[in-house]
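Single-structure report; data block below.
Reckoned from all heavy atoms, side chains included, excluding hydrogens, waters and symmetry mates. Heads up: numbering here begins at 1 and tracks the sequence. Bear in mind that the values here come from a model prediction, so they are computed numbers and not experimental data.
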Amino acid sequence: MIALGRYNNRMQTKADVLIIGGGVIGLTTACYLARDGVKVTLLDRTTPGSEASWAGAGIIPPGNPERAATAYDRLRATSSRAFPTLTAELNELTGIDNGYRVCGGIEVFESPAPEVLSVWQAEGIDFRPLTEGDVRKLEPQMQARGDVFHLPGMAQVRNPWHLRALVEACQRLGVQIKADVPVVRFRTAANRVATAVAESGEEYPADRFLIATGAWADRMLAQLGWRTGIHPVRGQIVLYHPPAPLLRHVVCVEKRYLVPREDSRILVGSTEEPEAGFEKRTTGTGVVGLMQFAADVVPALAQSPVDKSWAGLRPGSPDGMPHLGPIPGWSNAFVAAGHHRAGIQLSPATGQLMANLLQGRSPAMSLEPFRPDRPHGPPMATAFRS
């Protein structure tokens, strides 16, 4: 952070809103803002949509926001309900299929989870328990141990396709997107941010600023004298490409999953490695562990070729909740980060809430539980293990 002084001669055109971070949260917020006629510039330190948002599996659990038990579950349920409309709007604007499909899901609990089932019941989520015979009928290739449930409303989206659609939609709506522009500091005056200063020395002025840099959020927030505890949590994924489809449903086993695509590919994930820091790479231990898990659930995958594997850095937070809202001490700076494993899953509701907040409108739901200066308790239990 540096005080407002004489601007250099590399000042860019002033935006109404400057978004720093081109993941799914930044892009979705930019899309909603631009749709409302707001002049938006979006900066990304690399290529928009190339970090954790791209790397995930795109599982979209069902939800009923009117009956959701917690603020987090309401955010998830609101997003779930919004995905079909957002998908149709993106397709109409860009012609890009984002891969959103209601394919149904199978949840496997290796130990009983009555508290989760009671939350599903309270929310009115459609589910039913499965016998071993039921599982064989739904998924002949699958082996399940424990308590098994069918959720017909579970959906999925193909992350790279969805991000490609968001980037294209933003551009068509007039968002100025700039790749490879790392922001390193801010110029400020009193309690307002005046410009974001890039590594190159270029300055980007705006009326309002949104930090949506995922796992890197605290590095940005520190420039404004604030930290939230957001940190990188590495997750590894293995992609199989069997010669014929082996699954039709998303299969979740505790915090790991198998997600079948329509082209017969199956994503298997994911590790959860906060100790890895910012080291974004796969490891032999991580990949082998995922392959063993895949073969335990779908034995035929043991003979299926692995297409590739990759790693992403999720933005973890101390209590598992995202940080949404004004940055304490600043009148025109905001944050939307810390979605951990659920960036895609929570993005439509987050984007709409932040778009309203950045336009001075009252958000449709209270952001109090997500405020950046909240006291952090233990990770909260939610309806789905995102």
### Cation over ring face, R219 and F278, 6.0 Å, 45°
yes

### Query
If you measure only the distance, is there a donor-acceptor pair under 3.5 Å linking the side chains of E168 and T94?
no

### Task
Could you check E51, E273, E272 and say which one makes a salt bridge (charged side-chain N to carboxylate O under 4.0 Å, His left out) with R234?
E273

### Task
For the pair S317 (side chain) and M321 (backbone), establish whether a donor and an acceptor sit closer than 3.5 Å, ignoring hydrogens and angles.
yes

### Message
Quick check on the hydrophobic clustering: are L258 and M291 connected, directly or via other members, by side-chain heavy-atom contacts under 4.5 Å?
### Response
yes

### Query
If you look at every heavy atom in G105 and H249, which pair is closest and at what distance?
N-CD2, 3.9 Å

### Message
I want to check something: taking the side chain as every heavy atom from C-beta on, are V251 and M142 in contact at a cut-off of under 4.5 Å?
### Response
yes

### Task
Output, in order, the C-alpha distance, side-chain angles, deciding distance and verdict of ring-ring contact (aromatic ring centres under 6.0 Å, His included) for W54 and W310.
CA-CA 10 Å; W54 174 92; W310 61 84; 5.3 Å; yes

### Message
More than 12 heavy atoms of other residues, nucleotides or ligands under 6.0 Å from CD of E92: yes or no?
### Response
no

### Message
Can a donor-acceptor pair be found, under 3.5 Å and without considering hydrogens, that links the side chain of N159 to the backbone of G58?
### Response
yes

### Query
Does K137 pair with E132 as a salt bridge, N-O distance under 4.0 Å?
no

### Side-chain touch F83/S347, heavy atoms, less than 4.5 angstrom
yes

### Message
Between P369 and Y72, is there a side-chain heavy-atom distance shorter than 4.5 Å?
### Response
no

### Message
I'd like to know if the side chain of S50 reaches the main chain of T46, judged simply by a donor and an acceptor atom lying under 3.5 Å from each other, with no hydrogens or angles considered.
### Response
no

### Task
Please report the closest heavy-atom contact between A355 and Y32, naming both atoms and the distance.
CB-CB, 3.8 Å

### Task
For side-chain hydrogen bond (donor to acceptor under 3.5 Å, both in side chains), just list the numbers for E368 and S366, CA-CA rounded to whole Å, side-chain angles, deciding distance to a tenth of an Å, and then say yes or no.
CA-CA 5 Å; E368 178 68 16; S366 172; 5.5 Å; no

### Task
Could you please spell out the steps behind the side-chain contact (heavy atoms from CB on, under 4.5 Å) verdict for T350 and L75?
CA-CA 7 Å; T350 298; L75 195 67; 3.9 Å; yes

### Task
Taking all non-hydrogen atoms of both residues into account, name the closest pair between P372 and V335 and its distance.
CG-CG1, 3.5 Å

### Task
State, yes or no, whether a side-chain contact exists between Q171 and V167 at a heavy-atom distance under 4.5 Å.
yes

### Query
Is there a donor-acceptor pair closer than 3.5 Å between any side-chain N or O of N191 and the backbone N or O of W330?
no

### Query
When hydrophobic residues are tied together by side-chain contacts of less than 4.5 Å, even through go-betweens, does L247 share a cluster with F293?
yes

### Task
Decide side-chain contact (heavy atoms from CB on, under 4.5 Å) for T28 and L166; before the verdict, give the C-alpha distance in whole Å, the side-chain angles of both, and the deciding distance to 0.1 Å.
CA-CA 7 Å; T28 306; L166 283 170; 3.6 Å; yes

### Query
Heavy atoms, side chains only, cut-off 4.5 Å: are Q143 and P299 in contact?
yes

### Query
Closest heavy-atom contact between L90 and A165?
CD2-O, 4.0 Å

### Task
Kindly indicate whether the side chain of V268, heavy atoms from C-beta on, has any atom under 4.5 Å from the side chain of I266.
yes

### Message
Under a 3.5 Å cutoff, is there a donor and acceptor pairing between the side chains of Q359 and D36?
### Response
yes

### Message
Can a side-chain donor-acceptor contact be found between T283 and Q236 if the only test is distance below 3.5 angstrom?
### Response
yes

### Query
Got T29 and I19 here, is their nearest side-chain heavy-atom distance under 4.5 Å?
yes

### Message
On the six-membered ring of W216, is R45 placed so that its NZ or CZ lies under 6.0 angstrom from the centre and within 45° of the ring axis?
### Response
yes

### Query
Do S270 and R341 have a side chain donor and acceptor closer than 3.5 Å?
no

### Task
Could you tell me whether the side chain of D134 reaches within less than 4.5 Å of the side chain of H150, counting heavy atoms only?
no

### Query
Does a donor on one side chain and an acceptor on the other come within less than 3.5 Å for R261 and Q156?
yes

### Task
Return the minimal non-hydrogen interatomic distance between T195 and E203, and the atom names on each side.
OG1-OE1, 3.0 Å

